[in-house]
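Values below: all heavy atoms of this structure, side chains included; hydrogens, waters and symmetry mates excluded.
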Amino acid sequence: DVGGYVGVPQPGSAMFKFGRNFGFLLGCLTALRYRIILLKPQKWQKLLGLGTSKGATKAQWKNKLKAEAQRRYPKRKGTLKTADAFLILDAGLLLDGGSR
């Protein structure tokens, strides 16, 4: 669950494309009867006890998230690009009462 503006200004066409793709994915998952839980970054990071990015550079924070994802999923190849996805999955499983 993200806001419409994150850091670098984007043209309206990019935001429209992001929203369209999100809506398409949401529709597909709904049609397949998946349960959808929307979480803001602050919420899933708090659920996992990761603290906040306050006082850290963006690179330091992303490296912390990557290290945590690698710790939780040692058999997977976690990268800076996939760390958030692994951690969001864990937060969703915690909310849903499920396990890996």
Side-chain angles (χ1 to χ4, degrees):
D1 191 8
V2 298
Y5 175 79
V6 182
V8 180
Q10 298 290 321
S13 60
M15 297 311 296
F16 178 82
K17 189 174 183 180
F18 176 80
R20 183 187 62 207
N21 290 337
F22 175 74
F24 178 79
L25 181 59
L26 199 61
C28 289
L29 294 173
T30 301
L32 294 170
R33 298 180 182 229
Y34 279 93
R35 181 165 178 233
I36 299 166
I37 303 170
L38 300 177
L39 295 172
K40 293 189 180 295
Q42 298 85 352
K43 173 100 177 186
W44 64 259
Q45 291 165 7
K46 184 177 181 179
L47 278 169
L48 299 178
L50 298 173
T52 67
S53 62
K54 200 171 195 174
T57 65
K58 184 175 181 177
Q60 289 169 329
W61 180 245
K62 291 299 284 180
N63 281 319
K64 177 181 178 174
L65 296 179
K66 178 184 172 190
E68 182 61 19
Q70 288 174 329
R71 185 187 72 75
R72 290 172 181 256
Y73 294 90
K75 293 181 181 179
R76 302 282 183 210
K77 180 166 178 8
T79 67
L80 290 173
K81 293 181 179 181
T82 61
D84 286 3
F86 283 121
L87 296 173
I88 291 167
L89 170 64
D90 260 11
L93 290 171
L94 277 174
L95 283 176
D96 199 34
S99 60
R100 284 191 256 160

Tightest non-hydrogen contact, residues Ala83 and Lys66, listed as CB-CA, 3.5 Å
In this structure, CG of Asp90 is separated from CG of Leu47 (nearest 0.5 Å) by 10.5 Å
Nearest heavy-atom contact between Trp61 and Ala56 is N-CB, 4.3 Å
CD1 (Ile88) and CD1 (Ile37) are apart, to the nearest 0.5 Å, by 12.0 Å
The reported gap from NZ in Lys46 to NZ in Lys40 (rounded to nearest 0.5 angstrom) is 14.5 Å
Between Tyr73 and Phe86, the two heavy atoms sitting closest are CE1-O, 3.8 Å
To the nearest 0.5 Å, atom CZ of Arg76 lies from atom CD of Gln70 at 13.5 Å
Would Leu25 end up clustered with Leu32 when hydrophobic side chains under 4.5 Å apart are linked, directly or stepwise? yes
query: Are Phe22 and Phe16 co-members of a hydrophobic cluster defined by side-chain heavy atoms under 4.5 Å apart?
result: no
task: Mark yes when over 12 heavy atoms from residues, nucleotides or ligands other than Lys43 sit less than 6.0 Å from its NZ; otherwise mark no.
output: no
**Same apolar cluster: Leu80 and Leu65, side chain cutoff 4.5 Å** = no
Do any N or O atoms from the side chain of Thr79 and from the backbone of Thr82 form a donor-acceptor pair under 3.5 angstrom? yes
Step by step, would you call Gln42 with Thr52 a side-chain contact (heavy atoms from CB on, under 4.5 Å)? CA-CA 8 Å; Gln42 298 85 352; Thr52 67; over 6 Å; no
Exercise for review: Go through the steps for Leu50 and Trp44 under the test side-chain contact (heavy atoms from CB on, under 4.5 Å), then give the verdict.
Suggested key: CA-CA 9 Å; Leu50 298 173; Trp44 64 259; 4.0 Å; yes
message = Do Leu38 and Tyr34 sit in one hydrophobic cluster, given that two such residues count as connected whenever their side-chain heavy atoms are within less than 4.5 Å of each other, even indirectly?
response = yes
Worked check of salt bridge (Lys or Arg N to Asp or Glu O under 4.0 Å) between Arg72 and Glu68
CA-CA 6 Å; Arg72 290 172 181 256; Glu68 182 61 19; 2.6 Å; yes
Between the CG atom in Leu87 and the CG atom in Leu39, the distance rounded to the nearest 0.5 Å is 12.0 Å
Interatomic distance, OG1@Thr57 vs CG@Asn63, rounded to 0.5 Å, equals 8.0 Å
